[in-house]
Colleague: 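The structure follows.
Only a predicted model underlies this, so the values are computations on that prediction, with no experimental measurement involved. These numbers come from the heavy atoms of this one structure, side chains and all, not from hydrogens, waters or symmetry mates.
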Amino acid sequence: MTQITTAINALDRLIILVIKPVVAVISLFVALALSFGIYARSVLETPVFGLEELILIAAMWLYMLGAVLASRDRTHLSADFVQVISKNPKIISGFKMVATLISLFMACMFMTWSWDLLAWGLKKGQATTVLQIPWYFSQASLFVASLLFIVYLVRDMLNDFVEFRLAGK
């Protein structure tokens with residue numbers, strides 16, 4: 001299990017090295033593009049055609065990469081009511097493991113769905129109206145995020161299993 005954990009940790013360092021700067025750049029772009037779009041419409045009284053398309057694609061990637069970062073840090077929403085019901089560490093870690101297993105199953109389903117959507121987008125070749133950007137650029141964000149969710153959930157599942165085995169000893 002340590003080889004798997006070591007591999008996941010190495011992959012995690014690479015992912016974070018890439019994702020954090022990308023999220024910062026996309027955030028800055030979205031903020032500046034929205035500000036410029038508002039300025040252009042209200043002050044210059046002229047729309048910037050295609051700007052909304054760029055913001056939409058950037059926002060999709062920003063949302064998905066933000067969700068990956070939340071999954072990495074386990075800071076996504078959760079309902080940890082088991083700790084209120086029981087003080088037994090074995091029960092608490094068991095429910096945590098079950099919750100991670102359910103999340104892993106759902107992430108696999110999400111990956112399947114997002115792959116089908118991406119494959120369909122590649123096949124159909126649809127593009128945005130103004131700039132003719134292929135829709136699969138935004139659809140790819142769903143697939144990439146789902147793959148990364150699975151990586152982090154496998155890591156969490158392994159950690160939960162170890163925690164479960166050590167609980168109550």
Side-chain angles (χ1 to χ4, degrees), residues 1-31 33-34 53-84 89-128 133-167:
M1 198 159 8
T2 41
Q3 290 176 343
I4 295 172
T5 307
T6 304
I8 290 175
N9 288 336
L11 181 60
D12 174 52
R13 285 189 296 276
L14 177 66
I15 289 169
I16 292 310
L17 189 67
V18 172
I19 287 181
K20 282 192 176 184
V22 168
V23 166
V25 169
I26 293 173
S27 297
L28 186 62
F29 169 75
V30 168
L34 282 170
E53 294 175 356
L54 292 173
I55 292 171
L56 176 65
I57 292 169
M60 284 283 296
W61 276 98
L62 183 61
Y63 185 81
M64 289 293 108
L65 293 177
V68 167
L69 290 175
S71 180
R72 174 190 186 260
D73 298 335
R74 280 191 125 166
T75 55
H76 44 72
L77 293 176
S78 63
D80 296 335
F81 64 90
V82 176
Q83 294 171 346
V84 174
K90 195 82 163 175
I91 292 173
I92 293 170
S93 63
F95 271 97
K96 188 176 175 184
M97 195 167 60
V98 169
T100 303
L101 187 60
I102 292 169
S103 297
L104 182 58
F105 173 76
M106 295 305 295
C108 289
M109 297 299 291
F110 183 61
M111 186 210 51
T112 302
W113 171 78
S114 62
W115 172 252
D116 288 345
L117 179 66
L118 179 58
W120 181 81
L122 288 167
K123 180 180 169 186
K124 293 294 181 182
Q126 293 178 322
T128 61
I133 300 169
W135 274 115
Y136 56 77
F137 281 123
S138 63
Q139 293 165 342
S141 68
L142 299 167
F143 182 67
V144 169
S146 65
L147 287 177
L148 295 175
F149 291 155
I150 290 170
V151 168
Y152 287 122
L153 285 165
V154 166
R155 177 206 62 188
D156 293 344
M157 190 68 210
L158 294 172
N159 290 339
D160 290 349
F161 180 72
V162 169
E163 183 182 316
F164 180 75
R165 287 187 54 192
L166 296 175

Colleague: Out of curiosity, Phe164 CZ to Ile92 CD1, how far, rounded to the nearest 0.5 Å?
Modeller: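 Going from the CZ atom of Phe164 to the CD1 atom of Ile92 covers 12.0 Å.
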Colleague: With side chains defined as the heavy atoms from C-beta onward, is the minimum distance between Trp113 and Leu142 less than 4.5 Å?
Modeller: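 Side chain of Trp113 against side chain of Leu142, heavy atoms only: contact under 4.5 Å found.
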Colleague: Considering only heavy atoms from C-beta outward, does the side chain of Leu54 approach that of Ile133 to under 4.5 Å?
Modeller: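 Side-chain contact under 4.5 Å: yes.
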Colleague: Below 4.5 Å, heavy atoms only, C-beta onward: do Trp61 and Val22 meet side chain to side chain?
Modeller: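 Trp61 does not reach Val22 side chain to side chain.
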Colleague: Applying the side-chain contact (heavy atoms from CB on, under 4.5 Å) test to Ser103, which of Asp156, Val98, Leu153 qualifies?
Modeller: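 The option that passes is Leu153.
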Colleague: Check Trp135 against Leu56 and note the closest heavy-atom contact, atom names and distance.
Modeller: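 For Trp135 and Leu56, the tightest heavy-atom pair comes out as CH2-CD2, 3.6 Å.
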Colleague: So do the side chains of Met60 and Gln139 get within less than 4.5 Å of each other, counting heavy atoms only?
Modeller: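 A side-chain contact under 4.5 Å is absent here.
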Colleague: Once you round to the nearest 0.5 Å, how far does CG of Leu148 lie from CG of Leu69?
Modeller: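 Rounded to the nearest 0.5 Å, the CG-CG separation comes out at 9.5 Å.
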Colleague: Is Arg72 close to Asp12 at the side-chain level, that is, under 4.5 Å between some pair of heavy atoms?
Modeller: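 Yes, their side chains come closer than 4.5 Å.
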Colleague: Indicate whether the side chain of Asp160 and that of Thr100 have a donor and an acceptor atom separated by less than 3.5 Å.
Modeller: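 Note: Asp160 and Thr100 side chains meet the donor-acceptor criterion.
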Colleague: With rounding to the nearest 0.5 angstrom, report the OG to CE distance, Ser138 to Met64.
Modeller: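 The OG atom of Ser138 sits 10.5 Å away from the CE atom of Met64.
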Colleague: Rounded to the nearest 0.5 Å, what separates atom CG in Asp73 from atom OH in Tyr152?
Modeller: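 OH of Tyr152 is found 8.0 Å from CG of Asp73.
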Colleague: Counting N and O atoms only, with roles assigned by atom type, does the side chain of Ser27 sit under 3.5 Å from a partner on the main chain of Val23, one being a donor and the other an acceptor?
Modeller: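 Side chain of Ser27 to backbone of Val23, a donor-acceptor pair under 3.5 Å: yes, one is there.
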Colleague: Can you tell me how far apart CD1 (Ile55) and CD1 (Ile26) are? Round to the nearest 0.5 Å.
Modeller: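 Answer for the CD1-CD1 pair, Ile55 versus Ile26, is 13.0 Å.
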Colleague: Measuring only between side-chain heavy atoms, which start at C-beta, is Leu101 closer than 4.5 Å to Met97?
Modeller: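 No, their side chains stay 4.5 Å or more apart.
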Colleague: Using residues 114-126 as the side-chain source, report each donor-acceptor pair under 3.5 Å to any protein atom, sequence neighbours left out, with the distance given to one decimal.
Modeller:
from   : atom 1 : to     : atom 2 : distance (Å)
Ser114 : OG     : Phe110 : O      : 3.0
Ser114 : OG     : Met111 : O      : 3.0
Ser114 : OG     : Ser146 : OG     : 3.2

Colleague: Can you tell me how far apart NZ (Lys90) and CZ (Arg165) are? Round to the nearest 0.5 Å.
Modeller: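 So the NZ of Lys90 and the CZ of Arg165 are separated by 8.5 Å.
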Colleague: Would you say the side-chain atoms of Thr112 pair up with the backbone N or O of Cys108, donor to acceptor, closer than 3.5 Å?
Modeller: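 Yes; judged by distance alone, with no hydrogens or angles, the pair exists.
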Colleague: So which heavy atom on Ala59 is nearest to which on Val30, and how close?
Modeller: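 Scanning both residues, the minimum pair turns out to be N-CG2, 4.3 Å.
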Colleague: Which heavy atom of Glu163 sits nearest to which heavy atom of Ser93, and what is that distance?
Modeller: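 Closest approach of Glu163 to Ser93, heavy atoms only: OE2-CB, 3.7 Å.
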